[in-house]
Number of protein chains: 2
Amino acid sequence: MPRPRSLTHAQLASAALAVIDRDGLAGLSMRAVAKELGMSTMALYRYVDDRDQLEQLVVELVLGEVDTEPPGPEVPWRGRVEIMVGRLRDSVGAHPEIVPLTLTHRHRSPAVLRWSEVVLTILADAGLRGGQQVIALRGLLGYVIGAVQLEHLGSLSAPGTVAISALPPDRFPQLSATAQRARRIGADQEFSGGLDMLLRGMAEMLADGAGLPPDGLPDR
Amino acid sequence: MPRPRSLTHAQLASAALAVIDRDGLAGLSMRAVAKELGMSTMALYRYVDDRDQLEQLVVELVLGEVDTEPPGPEVPWRGRVEIMVGRLRDSVGAHPEIVPLTLTHRHRSPAVLRWSEVVLTILADAGLRGGQQVIALRGLLGYVIGAVQLEHLGSLSAPGTVAISALPPDRFPQLSATAQRARRIGADQEFSGGLDMLLRGMAEMLADGAGLPPDGLPDR
DNA sequence: ACCTGAACACCGTTCAAGT
DNA sequence: ACCTGAACACCGTTCAAGT
């Protein structure tokens, strides 16, 4: 008589995320997750092929919470992009330890695909042409990924910025002055300031039709 | 009679980098590096406190090759930023497996500090004010980091893009159309297109003095 | 002082065995 | 069918010992 499955993928993912939130990404192991669930290590392999797939489940648990409902058309396109980017950043930012996992597993995540689809729709709506859309989407994704990592690593009690503040001002005049100022700028302000830079650039590209490849890549 | 040191830090770093270039970052281990050098594993601990410090040496070996000579003033400031960003991307791009290491060890790298100092000088030269400089520098660093990772992961025989091309066009119309086009856009074009977006945004910020925090953060 | 090898506490995963 | 525990081939690092 077949015993019923005692575990769902969701429970597995939650247990793994709990381990990560408690002990960091370095603390994630098949053994740790099994202990978290009160099962033997090998029992996990009933539900998952290998560690890689467990990681995929964690990524999907976190990214699956990103609201991918398109913002209303009454919001200007730049505002809509800001909303979508903000949602992604908030979800990942709530579990910054998983950032390295999202990088490796991003292409397989339905949530990221849905998110990308909505952002592309907004960009197309705004009037960006084919080649520009690709560049803009990768630019946005690249910015979010990079910024979240800088933020996460740079703010572990900000060892970087503190160390930089202590640099010899004669050899690094700009850097030490900037580090002083950087401490007064919050992470949110930094993030939205950089995003603003990107969006301004996009709007300008839109205005003068730049960003097309030199050979005049066709639009479809 | 004290034996002479048989190893320099540079040799150690080269051996580790050789392991990484051959077997990937996952193949890096104290044992692997020791074997590469023909020594016992524990001999490495004569030269390095722990694995973390070995990684730091690798990062410095790669980033130390970045030319941080400021480009001549005859080049417009945007061009100078492009040159500096390009140098960083080229060095890291030559050993993409180390990207995760640069993230963790970046704040301790003299090479990155020198690079940042030069870029900040260019930005100050261009007329960006204090708060804007911080945002612009982090924006640039974030973009490079994110873009290099997307490029590296996304181009391992491009499993992501290929998978995306195979998506059901009815559920992901924008994405599948975009994936088709993305295959015709080279990595360099993507990178410089995104960078161009950022630089346009910076130039615009410069023009109208935006990016200052709401409370009017003073310039020094 | 430099280098070694055994040992400890960890990994992911395979495999044979229990219910 | 579901779950277990021993075992294998790995880690980083400590420690005592050799030259």
Side-chain angles (χ1 to χ4, degrees), chain A residues 1-61 97-98 100-105 108, chain B residues 1-61 97-98 100-105 108:
Chain A
M1 183 193 295
R3 284 196 229 164
R5 303 206 131 205
S6 68
L7 220 57
T8 65
H9 272 179
Q11 287 172 301
L12 228 176
S14 303
L17 187 58
V19 171
I20 292 172
D21 285 341
R22 184 176 0 100
D23 303 324
L25 185 57
L28 180 67
S29 73
M30 301 302 277
R31 285 168 167 89
V33 174
K35 181 174 281 183
E36 180 82 15
L37 290 164
M39 308 178 77
S40 82
T41 304
M42 293 318 299
L44 301 186
Y45 288 85
R46 284 281 123 199
Y47 301 91
V48 112
D49 281 344
D50 50 20
R51 181 190 163 123
D52 195 69
Q53 202 181 331
L54 176 64
E55 291 178 354
Q56 177 74 37
L57 289 178
V58 174
V59 170
E60 214 39 38
L61 175 64
E97 290 280 334
I98 69 150
L101 300 185
T102 62
L103 279 172
T104 333
H105 298 282
R108 283 176 282 165
Chain B
M1 184 193 294
R3 285 196 230 166
R5 302 206 132 207
S6 68
L7 220 58
T8 65
H9 272 179
Q11 287 173 301
L12 227 176
S14 303
L17 187 57
V19 170
I20 292 172
D21 284 342
R22 184 179 357 102
D23 303 324
L25 185 56
L28 180 68
S29 72
M30 301 302 277
R31 285 168 166 89
V33 174
K35 181 175 282 186
E36 180 80 16
L37 291 164
M39 309 177 77
S40 81
T41 304
M42 292 318 298
L44 301 186
Y45 287 86
R46 283 282 124 199
Y47 301 91
V48 113
D49 281 343
D50 51 20
R51 182 190 160 122
D52 195 69
Q53 202 180 330
L54 177 65
E55 292 178 353
Q56 178 75 37
L57 289 178
V58 174
V59 170
E60 215 39 40
L61 175 65
E97 290 280 333
I98 70 149
L101 301 185
T102 63
L103 280 172
T104 332
H105 299 283
R108 281 175 285 165

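The backbone N or O of B:Ala26 lies less than 3.5 Å from no partner atom in the side chain of B:Asp23, so there is not a single donor-acceptor pair. Judged by distance alone, the side chain of A:Glu97 and the main-chain N or O of A:Leu25 form a donor-acceptor pair under 3.5 Å.
Remark: P of D:dG12 and CG of B:Leu44 are 10 Å apart, rounded to the nearest angstrom. In this structure, B:Tyr45 places its OH atom 17 Å from P of D:dA16, rounding to the nearest Å. Per the geometry, OH belonging to B:Tyr47 stands 13 Å off P belonging to C:dA1, to the nearest Å.
Heavy-atom minimum distance, B:Tyr47 versus B:Leu7: CE2-O, 3.3 Å. The nearest pair of heavy atoms linking B:Ala32 to B:Gly27 is CB-O, 3.6 Å. Taking all atoms of both residues into account, the shortest heavy-atom contact from A:Leu54 to A:Ala16 is CD1-CB, 4.0 Å.
Expressed to the nearest 0.5 Å, how far CZ of A:Arg31 lies from CG of A:Leu44 amounts to 11.0 Å. Here the OG1-CG distance, from A:Thr8 to A:Leu57, works out to 9.5 Å after rounding to the nearest 0.5 Å.
For DNA chain C, if you chain together Watson-Crick or G-U pairs that step i with j, i+1 with j-1 and so on, the runs of at least three with distances under 3.5 Å are C:4-8 with D:12-16, C:12-16 with D:4-8.
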Side chains of residues 33-42 of chain B: which donor-acceptor pairs under 3.5 Å do they make with residues two or more places apart or in other chains?
{"residue": "B:Glu36", "atom": "OE1", "partner": "B:Arg22", "partner atom": "NH2", "Å": "2.3"}
{"residue": "B:Glu36", "atom": "OE2", "partner": "B:Arg22", "partner atom": "NH2", "Å": "3.4"}
{"residue": "B:Ser40", "atom": "OG", "partner": "B:Ala43", "partner atom": "N", "Å": "3.3"}

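In the region residues 9-23 of chain A, proximity to DNA chain C at under 4.0 angstrom, judged on heavy atoms, holds for none of the residues. At a non-hydrogen distance threshold of 4.0 Å, B:Asp50, B:Arg51 from residues 49-59 of chain B come into contact with DNA chain D. Of the residues in residues 26-42 of chain B, B:Arg31, B:Met39, B:Ser40, B:Met42 come within less than 4.0 Å of DNA chain C through at least one heavy atom, sorted by number.
Put simply, the side chain of A:Leu28 does not reach to within 4.5 Å of the side chain of A:Val58, judged on heavy atoms. Side-chain atoms of A:Val48 and A:Gln56, non-hydrogen and from C-beta on, never get closer than 4.5 Å to each other.
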I would like to know whether B:Leu17 and B:Ile98 meet side-chain contact (heavy atoms from CB on, under 4.5 Å); could you show each step before the answer? CA-CA 9 Å; B:Leu17 187 57; B:Ile98 70 149; 4.1 Å; yes

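Shown here are the side-chain hydrogen bond (donor to acceptor under 3.5 Å, both in side chains) partners of A:Glu55, two or more places apart in sequence or in another chain: A:Arg51, A:His105.
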